[in-house]
Amino acid sequence: MALTIAPRPAGTRIAGLGHYQPPTIVTNSDIIARGVDTNDEWIRSRVGITERRFAMDETMLDMAEVASSKALANSGIGAADIDLVILATCTGQQQVPGGAATLAARLGIQTPGAYDVNAACAGFVYAVASASNAVLAGDAHNVLVVGSEKLTDYVDLFDRGTGIIFADGAGAAVVTASDKAGIGPVVWGSDGDNAAAIITDRESNTLRQEGQTVYRWATSTMGGVALEACKRAGVSPDELAAFIPHQANLRIIDLIAKKLDSASAVIARDIVTSGNTSSASIPIALSKMLERGEIASGAPILLVGFGAGLTYAGQVVLAP
Ligand code: COA
């Protein structure tokens with residue numbers, strides 16, 4: 001016998017985005033004033049950050065809630081119509097339970113499917129792809145996708161290798177059905193042999209990374225992922241309105257952008273004032289570009305996330 005499957009839409013699209021960044025700005029001078037052995041010139045030239053945002057009282061879920069409320073409002077889709085919530089985070093407030101169901105309850109979303117994704121800095125792109133696939137399969141109609149991180153809970157703020165880079169924030173999107181494809185095929189993959197390159201130290205519960213290993217991997221691999229995501233979506237790099245790579249390091253962003261070699265794409269450089277917010281960095285940068293009116297509705301945008309695992313994911317989406 002064959003089982004009945006749900007009716008399937010022709011495509012999916014992002015209907016709206018929102019973001020939240022904590023109000024507390026931490027400049028490079030503030031970091032140096034704490035006694036960290038670093039300097040402003042090194043941070044600007046090697047990483048590209050001038051300031052970042054640190055959450056104070058806000059929890060990871062508080063930030064997720066505000067970003068989600070804005071995404072719902074911008075999408076025109078009400079909480080009552082969301083039937084799946086996917087929360088991408090690697091800074092969960094506790095091991096069990098995951099945060100997605102609690103987030104849904106806080107937003108007044110009734111009995112949705114709800115789960116967390118831990119693909120670190122690639123998490124938002126994994127979550128958008130999973131949301132799109134759930135809608136395309138007919139298993140969900142409207143999906144809330146969130147990337148939210150309170151990295152300052154898991155970073156030694158006195159460590160010159162990580163304390164200068166990571167920051168806090170959240171970004172969210174609503175994925176829904178569409179009569180044409182507004183979310184392209186995902187190019188995703190991983191390199192578990194190098195899992196130790198970014199890892200939470202068990203004793204101190206803080207993040208450690210082999211910066212140069214990750215740098216070499218990202219700069220040698222992500223250009224190909226970017227080009228492949230364009231190819232699979234049937235979009236030339238010169239048709240892109242924007243390129244939003246994970247905001248890990250300005251030098252990495254510029255090297256991937258060079259390989260993409262797009263004559264048209266605005267390159268997201270939100271890291272300069274936001275730092276590295278892991279799974280939140282792509283939706284924050286995208287939401288801010290949309291708010292500033294830098295991307296026309298329906299224009300193609302390339303997203304490429306990469307990070308701990310090691311994991312990566314790239315995808316072209318159309319602007320809401
Ligand atoms: N301030 C000042 N000097 C610093 C410093 C800091 N915060 N951190 C390192 N240095 C010094 C080192 O002591 C070393 O000095 P030396 O040449 O005299 O020995 C020099 O800078 C180079 O150190 P290194 O660790 O090789 O730095 P780097 O150029 O590789 O930059 C990162 C470090 C982390 C910024 C960079 O490797 C990176 O961005 N990697 C990728 C991170 C990433 O993408 N993560 C995944 C996503 S979360």
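Note that ligands are numbered from 1 as they come in the structure, with each ligand's atoms numbered from 1 the same way.
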K231, NZ: over 12 other non-hydrogen atoms inside 6.0 angstrom: no
Would the distance check show the side chain of S264 and the main-chain N or O of D238 forming a donor-acceptor pair, the cut-off being under 3.5 Å? yes
Apply the hydrophobic cluster definition, ILVMFWY joined by side-chain contacts under 4.5 Å directly or through others, and give me every member besides Y20. M63, V66
If you count heavy atoms of other groups shown closer than 6.0 angstrom to CD of Q110, is the number above 12? no
For residues 244-298, which residue pairs qualify under ring-ring contact (aromatic ring centres under 6.0 Å, His included), counting only residues two or more places apart or in two chains? H246-F306
Atom pairs and distances, ligand 1 N/O vs protein N/O under 3.5 Å:
unit_1   : atom_1 : unit_2 : atom_2 : d
ligand 1 : 1 (N)  : T38    : OG1    : 2.6
ligand 1 : 3 (N)  : W42    : NE1    : 3.4
ligand 1 : 3 (N)  : R160   : NH2    : 3.3
ligand 1 : 7 (N)  : T38    : OG1    : 3.2
ligand 1 : 7 (N)  : R160   : O      : 3.0
ligand 1 : 13 (O) : R160   : NH1    : 2.9
ligand 1 : 21 (O) : W42    : NE1    : 3.0
ligand 1 : 26 (O) : Q212   : NE2    : 2.4
ligand 1 : 29 (O) : R46    : NE     : 3.3
ligand 1 : 29 (O) : R46    : NH2    : 2.9
ligand 1 : 37 (O) : G211   : O      : 3.2
ligand 1 : 39 (O) : N249   : ND2    : 2.7
ligand 1 : 40 (N) : G211   : O      : 3.0
ligand 1 : 45 (N) : Q209   : OE1    : 3.0

Quick one: side-chain hydrogen bond (donor to acceptor under 3.5 Å, both in side chains) partners of S178, sequence neighbours excluded? none
